[in-house]
Protein chains: 2
Amino acid sequence: MNVINESGILGISTRLQRLSEQLRKDGFQIYKTNGIDFEPKWFPVIYTLHFKPVLSVVELATEIGYTHPSTISLLKELEKEKLIRSKKDKQDERKRLILLTEKGKKLLQQMQPVWQTMVVALTELTNTSNNIMKAIEEVEAQLNHKSFMDRAKK
Amino acid sequence: MNVINESGILGISTRLQRLSEQLRKDGFQIYKTNGIDFEPKWFPVIYTLHFKPVLSVVELATEIGYTHPSTISLLKELEKEKLIRSKKDKQDERKRLILLTEKGKKLLQQMQPVWQTMVVALTELTNTSNNIMKAIEEVEAQLNHKSFMDRAKK
DNA sequence: TTAATATATGTAGCTAACTACGTATACTTG
DNA sequence: CAAGTATACGTAGTTAGCTACATATATTAA
């Protein structure tokens, strides 16, 4: 058995998490140096609302692929920043509809060039012989087909 | 600008984190169904102590690539489980030396076949056209050479 | 039309890493 | 050898997701 492989692949979970943290931290700094007060974790919410301007909490959660409690906590932060607001759905009183504020829409416009820069930088960074975005997608597809758990059951 | 790409790559941090969580959760279950009371996050510590049986806290932290506070909290848990123990370094009174207990050594032996199974399963899972372990290594190398931050500065 | 079930939202508390900071011991240098 | 610096360890508090549970409204079925 190959020691390096063993310790490498069994530590994959930690490796993924730490790479995630590093990119997020840099992401935050990049917004900051561009004079934008924005956190990378808010991106999926704001970006989704750009294309689907009115969504309920759960619809939004589904759209960004988070659980609803995680989404609620993001929404709380974004509401505090006055980047989004919400209103009751008249048809269904259980629902809270989420919308960008004017401030949110304006910020979104300001962020466009920064996003463009980040996309270029990230594309350059991940344009290696094994593309990490594709690799993630492939592993996710593999997991969808058969979980790690099931694969280890023999 | 490609919308799918943009939302994809700018959300890379979250994707990495969630894949990490999923693998860790399954990892825990796999130990469990094999009758082993062990958490995936403990792996680097136990595995390292297998090859380097006596290490100080900071040496161990460096070895596994964690910060020392993170390492200390893992060590606390492992001490509670009686899988490791510690003793003062006589040469340097600041240091606390970490060792596997007999229970720890025994568990390590019991885990070998499970690790083997997991390595096989993970290798199968990640053996896609873009290999995720290699991709992580390549991105880490790229980052080492020039950070995401620096790449976005133009 | 009430009872049972389903859906939408919210709250509380967990996890696994981190940074910032504090204290104790060791080392170095004037 | 005393003062300043470096190293080792520890604690406190943060983060960004999560699960489990609670409550309110809506829908369905007897």
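Everything numeric here is computed off the predicted structure, so don't read it as measured data. Chain A is the first sequence line, chain B the second, and so forth, proteins listed ahead of strands; every chain is numbered from 1.
The aromatic ring centroids of B/Phe43 and B/Trp115 lie less than 6.0 Å from each other.
Exactly one of A/Arg85, A/Arg96, A/Lys103 qualifies for a salt bridge (charged side-chain N to carboxylate O under 4.0 Å, His left out) with A/Glu79. That residue is A/Arg96.
The interatomic distance linking A/Gln22 (CD) with D/dA16 (C1') rounds to 17 Å, in whole Å. Here C/dA16 presents its C1' atom at 16 Å from CG of B/Leu16, a figure rounded to the nearest Å. Distance A/Trp42 CH2 to D/dT15 P: 11 Å, rounded to the nearest Å. Between the CD atom of B/Glu79 and the P atom of D/dC9 there is a distance of 13 Å, rounded to whole Å. At whole-Å resolution of the value, CZ in A/Phe43 and P in D/dG17 are 13 Å apart. The interatomic distance linking A/Leu74 (CG) with C/dG10 (P) rounds to 13 Å, in whole Å. The interatomic distance linking B/Glu77 (CD) with C/dA17 (C1') rounds to 12 Å, in whole Å. To the nearest angstrom, P of C/dA16 lies 12 Å from CD of B/Gln17.
At a non-hydrogen distance threshold of 4.0 Å, nothing from residues 28-36 of chain B comes into contact with DNA chain D. A heavy-atom distance below 4.0 Å to DNA chain D is reached by these residues of residues 57-66 of chain A, ordered by number: A/Tyr66. Contacts with DNA chain D (heavy atom under 4.0 Å) in residues 82-99 of chain A: A/Asp92, A/Glu93, A/Arg94, listed by number.
For the residue pair B/Ile98 and B/Ser86, the shortest heavy atom distance occurs at CD1-CB, 3.8 Å. Taking all atoms of both residues into account, the shortest heavy-atom contact from B/Tyr31 to B/Glu39 is CE1-C, 4.5 Å. When every heavy atom of B/Thr101 is checked against every heavy atom of B/Lys82, the shortest pair comes out as OG1-O, 2.6 Å.
Hydrophobic clustering, defined by side-chain heavy atoms of Ile, Leu, Val, Met, Phe, Trp and Tyr closer than 4.5 Å, leaves A/Phe28 isolated from every other such residue.
Side chains of A/Ser73 and A/Ser70: no donor on one and acceptor on the other come within 3.5 Å. Checked by atom type, the side-chain pair B/Gln142/A/Thr128 shows no donor-acceptor distance below 3.5 Å.
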Kindly give the atom pairs (protein nitrogen or oxygen, nucleotide nitrogen or oxygen) under 3.5 Å for nucleotides 11-15 of chain C.
residue : atom : partner : partner atom : Å
C/dT11  : OP2  : A/Lys76 : NZ           : 3.0

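Counting non-hydrogen atoms under 4.0 angstrom, A/Ser73 reaches nothing in the nucleic acid. Using a 4.0 Å heavy-atom cutoff across all strands shown, A/Ser56 reaches sugar-phosphate atoms only and no base atom.
Taking 4.0 angstrom as the limit, A/Ser70 places a side-chain polar atom (N or O) nearer than this to OP1 or OP2 of D/dC18.
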Can you give me every donor-acceptor pair (side chain of residues 49-65 of chain B, partner residue at least two apart or in another chain, under 3.5 Å) with its distance?
residue : atom : partner : partner atom : Å
B/Lys52 : NZ   : B/Glu63 : OE2          : 3.2
B/Ser56 : OG   : B/Glu59 : N            : 3.2
B/Ser56 : OG   : B/Glu59 : OE1          : 3.4
B/Glu59 : OE1  : B/Ser56 : N            : 2.8
B/Thr62 : OG1  : B/Val58 : O            : 2.8

Report task. Please report the C-alpha distance between B/Asp37 and B/Leu107 in whole Å, then the side-chain angles of each, then the deciding distance to 0.1 Å, and finally whether the side-chain contact (heavy atoms from CB on, under 4.5 Å) criterion is met. Result -> CA-CA 9 Å; B/Asp37 185 21; B/Leu107 185 65; over 6 Å; no
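By the 4.5 Å heavy-atom criterion applied to side chains, B/Asp92 and B/Asp89 are counted as neighbours. No side-chain heavy atom of B/Leu108 sits under 4.5 Å from any side-chain heavy atom of B/Leu83. Within the 4.5 Å cutoff, side-chain heavy atoms of A/Val114 are placed close to those of A/Ile36.
Of the residues near DNA chain D, B/Leu75 and A/Thr67, the one whose nearest nucleotide (by heavy atom distance) lies more toward the 5' end is B/Leu75.
Salt-bridge check for B/Glu102 with B/Lys105: passed, with a basic side-chain N closer than 4.0 Å to an acidic carboxylate O.
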